[in-house]
Amino acid sequence: MCVVRFPVISTELNNIEKRYSEMLARVEFENSMLSDFELWHMQDLARRKKRMENPTHEDFDEDVGTSTAQDFEDAGVEEFQNFTVTPRTTEADNTNNRRSLKRKLDRKLFLVVKQKLGKNEEWVFPMGANKDGQSLRETAVATLSSTCGEDVKAQVNGNAPVGFYKYKLPSGSATTDGYFGAKIFFYQAQFLGGVPKNGNGIVDHLWLTQEEMAQLLNRKYFSAISNFIFE
């Protein structure tokens with residue numbers, strides 16, 4: 001089961017995207033009509049000019065205590081100066097806590113487990129054996145619960161696998177049924193919530209980006225999953 005935590009915040013713009021955004025902003029500004037605030041400000045300027053020309057006009061008595069566009073702008077500037085922007089990086093980023101979901105908020109994170117496979121322990125997606133009478137999707141859902149705990153909730157995307165990986169068993173380790181290899185089918189699911197707990201055969205778990213998986217996972221295994229984990 002390939003469990004994906006999708007980005008929580010938007011990604012930062014690259015140089016081309018920033019330049020294009022700035023160009024669009026200039027075009028929109030040049031072609032835009034005056035906003036309500038600009039019209040308000042122009043009315044204030046016209047009233048001020050009229051007051052200077054005729055200070056004793058009786059209409060000016062109604063302006064006492066009236067908020068102006070400049071007052072509104074000053075209040076907005078003060079509010080902005082007191083506003084603290086939440087940083088894009090978190091404590092988990094700073095400490096490189098790869099078991100935490102509160103990291104790499106603008107990236108996809110994939111749940112990877114250290115699972116006992118025979119005599120070895122391998123970093124893989126949560127996996128289990130298909131049982132007779134059980135569909136592949138049912139096996140994938142059951143595998144996630146048995147390996148990571150029922151607390152983890154994920155929405156499976158579709159009834160068909162998104163990929164597969166096959167390998168040969170080590171020499172002399174054929175199964176009792178005479179099989180010399182195995183095939184793994186992958187299902188992808190969107191992470192909805194919960195905290196993974198080490199279940200059947202699980203030693204550890206991590207939330208990793210695509211680049212981090214490339215460094216940790218078996219090369220051939222990563223090559224198989226790279227066809228469907230792209231961002």
Side-chain angles (χ1 to χ4, degrees), residues 1-13 86-93 95-117 121-167 182-218 220-231:
M1 179 73 88
C2 171
V3 181
V4 187
R5 190 224 63 187
F6 283 89
V8 179
I9 61 177
S10 61
T11 58
E12 291 192 86
L13 301 179
T86 303
R88 296 179 64 89
T89 57
T90 65
E91 181 65 23
D93 286 313
T95 59
N96 195 30
N97 182 5
R98 299 196 294 178
R99 293 185 181 86
S100 173
L101 274 170
K102 297 180 179 179
R103 62 186 293 268
K104 305 291 184 182
L105 300 181
D106 60 348
R107 299 286 306 279
K108 279 184 179 180
L109 289 182
F110 300 85
L111 177 60
V112 178
V113 297
K114 193 173 188 179
Q115 190 165 357
K116 293 181 180 179
L117 301 175
E121 296 177 352
E122 298 287 344
W123 285 103
V124 293
F125 290 147
M127 56 185 290
N130 178 248
K131 299 179 181 179
D132 291 338
Q134 194 176 56
S135 69
L136 291 179
R137 172 171 171 151
E138 289 172 341
T139 299
V141 173
T143 294
L144 182 62
S145 296
S146 63
T147 56
C148 299
E150 296 184 359
D151 185 48
V152 176
K153 305 301 180 184
Q155 177 62 50
V156 180
N157 301 325
N159 292 320
V162 294
F164 72 91
Y165 169 65
K166 61 181 180 179
Y167 63 94
K183 181 178 287 186
I184 304 171
F185 292 94
F186 297 100
Y187 277 81
Q188 193 171 75
Q190 179 179 352
F191 177 75
L192 300 180
V195 179
K197 298 179 181 178
N198 297 342
N200 294 342
I202 304 301
V203 179
D204 199 358
H205 77 274
L206 298 173
W207 289 97
L208 304 179
T209 63
Q210 183 174 351
E211 293 82 3
E212 291 169 338
M213 286 194 296
Q215 298 175 358
L216 185 64
L217 272 57
N218 175 278
K220 292 183 178 180
Y221 183 88
F222 178 78
S223 178
I225 67 175
S226 61
N227 294 320
F228 60 84
I229 64 171
F230 48 84
E231 297 192 41

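Predicted model only: the values in this text are computed from it and were never measured. Along the sequence shown, residues are numbered consecutively beginning with 1.
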Check your understanding: What pairs with Phe191 under ring pair (Phe, Tyr, Trp, His ring centres under 6.0 Å), at least two apart in sequence or on another chain?
Key -> Trp207
Do any N or O atoms from the side chain of [X] and from the backbone of [Y] form a donor-acceptor pair under 3.5 angstrom?
| X | Y | value |
| --- | --- | --- |
| Lys153 | Glu150 | yes |
| Asp93 | Lys104 | yes |
| Asn198 | Val203 | yes |
| Thr147 | Pro126 | no |
| Ser226 | Ser223 | yes |
| Arg103 | Asn96 | no |
| Tyr165 | Ala182 | no |
| Arg107 | Thr11 | no |

Which heavy atom of [X] sits nearest a heavy atom of [Y], and at what distance?
| X | Y | answer |
| --- | --- | --- |
| Ala92 | Lys102 | CB-O, 3.1 Å |
| Asp106 | Glu12 | OD2-N, 4.3 Å |
| Thr143 | Gly128 | CG2-N, 3.4 Å |
| Cys2 | Phe110 | SG-CD2, 3.7 Å |

[X] versus [Y]: any side-chain heavy-atom pair under 4.5 Å?
| X | Y | value |
| --- | --- | --- |
| Val113 | Phe125 | no |
| Ile202 | Cys148 | no |
| Ile229 | Met213 | yes |
| Leu111 | Pro196 | yes |
| Leu206 | Trp123 | yes |

Once you round to the nearest 0.5 Å, how far does [atom1] of [X] lie from [atom2] of [Y]?
| X | Y | atom1 | atom2 | answer |
| --- | --- | --- | --- | --- |
| Gln210 | Ile225 | CD | CD1 | 8.5 Å |
| Lys114 | Glu122 | NZ | CD | 9.5 Å |
| Ser100 | Leu109 | OG | CG | 9.0 Å |
| Thr139 | Lys131 | OG1 | NZ | 8.5 Å |
| Thr86 | Leu105 | OG1 | CG | 10.5 Å |
| Gln188 | Met1 | CD | CE | 10.5 Å |

**Study point:** Greater than 12 external heavy atoms within 6.0 Å of Arg99's CZ
**Key:** no
Review point. Are there more than 12 heavy atoms of other residues, nucleotides or ligands under 6.0 Å from atom CZ of Phe164?
Key: no
Point to revise | Plane angle bin for Phe186 and Tyr221 - parallel if under 30°, tilted between 30 and 60°, otherwise perpendicular | key: perpendicular
Check your understanding: Salt-bridged, Asp151 to Lys197, with N to O below 4.0 Å?
Key -> no
